[in-house]
Protein chains: 2
Amino acid sequence: MSRPGHMQPEQPTSVDDTLKSAAFLAKTLSDGNRLRILLFISGGRKSVSSIVEELALSQPLVSHHLKELKRSLLVKVEREGPFIYYELSDDRILDIVQTLSDIATDLLKARKTF
Amino acid sequence: MSRPGHMQPEQPTSVDDTLKSAAFLAKTLSDGNRLRILLFISGGRKSVSSIVEELALSQPLVSHHLKELKRSLLVKVEREGPFIYYELSDDRILDIVQTLSDIATDLLKARKTF
DNA sequence: TCAACATATAAGCAACCGTTTATATGGTCA
DNA sequence: TGACCATATAAACGGTTGCTTATATGTTGA
């Protein structure tokens, strides 16, 4: 059966819906500080305070960006005593950041060459 | 030699500068209509009016988005008579859009499962 | 030169974003 | 309980974004 009783009915997902989701993810990646945070926590789960120290950003600003990353499901959160650890939820995000960097570098280089 | 006389001096590019460029590209990808335009012109160079027709968007809106795509160097432009054709400048953009879509789909599926 | 077409630009607007400053929440340990 | 630490939230701000409506620019063919 394609729809067992205990599952939610699967609403058909249009191409446009998927593109909207992709655009939503891209928006989350569209801030330099958020990319720095993503790269930093890609080295293993990190507490908020360690991010604040490493990236030299204010604590509320880091909290705000982490909230955005969580909202787009790009990070997983774990509480451990008074500390809260953030972790990358999908490593393919790193590939995307890397490819975006490569493309940006190439496009700029090609423009200067003209 | 690392710096022949006819070349511009290469200013050192920091990791943060590269991340900023990547973030800038991501911002251009952060709108559903721009992604639709990119996918459409990935099938070969397209005139503005054909984009307007295919995507059912207003002509000024399409022009506006094309300007953004051009500003971030993601498209190349060619005039031919009264028509202006836009073309993808780097096919890796398609991989990125595809991967973003995949990740978005997986993250949403994983969330519903919990 | 003029009309018709293809595209770009300008002005305006509600909504959103990144950041700062200030304050609240929640956990730990004495 | 209360002081202390880690983190989150709220409010306010200037700046940006996506879109619409209206107008301008530029090309073609008569």
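Lettering of chains follows the sequences in order, A, B, ..., and the numbering in each one begins at 1. Hydrogens, waters and symmetry mates play no part in the numbers below; they use all other heavy atoms, side chains included.
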* Asked: Should the pair B:Lys46 and B:Tyr85 be classed as cation-pi, given the thresholds of under 6.0 Å to the six-membered ring centre and 45° from the axis?
  -> no
* In terms of hydrophobic clustering (I, L, V, M, F, W, Y; side-chain heavy atoms under 4.5 Å; direct or indirect links), are A:Leu108 and B:Leu19 co-clustered? -> yes
* Asked: 5'-most contact on DNA chain C: A:Glu80 or B:Val48, nearest heavy atom basis?
  ->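 It is B:Val48 whose nearest nucleotide is closer to the 5' end.
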* Most 5' of A:Arg79 and A:Asp31 on DNA chain C, judged by nearest nucleotide ->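 Comparing both residues, the 5'-ward one is A:Asp31.
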Look at the side chain of [X] and decide which nucleotide, out of [options], has an atom nearest to it.
X	options	value
B:Pro82	D:dC19, D:dT28, C:dT7	D:dT28
B:Pro60	D:dA8, C:dG18, C:dA8	C:dA8
B:Arg34	C:dT7, C:dT19, D:dG18	D:dG18
B:Ser49	D:dA8, C:dT7, C:dG18	C:dT7

[X] [atom1] to [N] [atom2]: how many Å, rounded?
X	N	atom1	atom2	value
A:Lys70	D:dT9	NZ	C1'	13 Å
B:Glu68	D:dC19	CD	C1'	13 Å
B:Glu53	C:dA6	CD	P	9 Å
A:Phe83	C:dC29	CZ	C1'	13 Å
A:Leu29	C:dC17	CG	C1'	15 Å
B:Leu57	C:dT7	CG	P	14 Å
A:Leu35	C:dG18	CG	C1'	14 Å
B:His65	D:dT16	NE2	C1'	14 Å

Which part of the nucleic acid, if any, lies within contact of [X], taking any heavy atom under 4.0 Å across all strands shown: a base, the sugar-phosphate backbone alone, or nothing?
X	result
A:Tyr86	sugar-phosphate
A:Lys27	sugar-phosphate
A:His64	base
B:Ser63	base

* Asked: Which atom names give the shortest non-hydrogen contact between B:Ser89 and B:Lys76, and what distance separates them?
  -> CB-CG, 3.7 Å
* Asked: How far apart are the closest heavy atoms of B:Arg79 and B:Gly81, and which atoms are they?
  ->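 Distance-wise, the nearest heavy atoms are NE-O, 3.3 Å.
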* Asked: Within the modelled atom types, does a donor on one side and an acceptor on the other bring the side chain of B:Gln59 and the base of C:dA8 under 3.5 Å apart?
  ->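 Counting by modelled atom types and ignoring angles, a donor-acceptor contact under 3.5 Å is found here.
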* For A:Leu88, the option from A:Leu39, A:Leu69, A:Leu38 that meets side chain to side chain contact (heavy atoms under 4.5 Å, CB included) -> A:Leu38
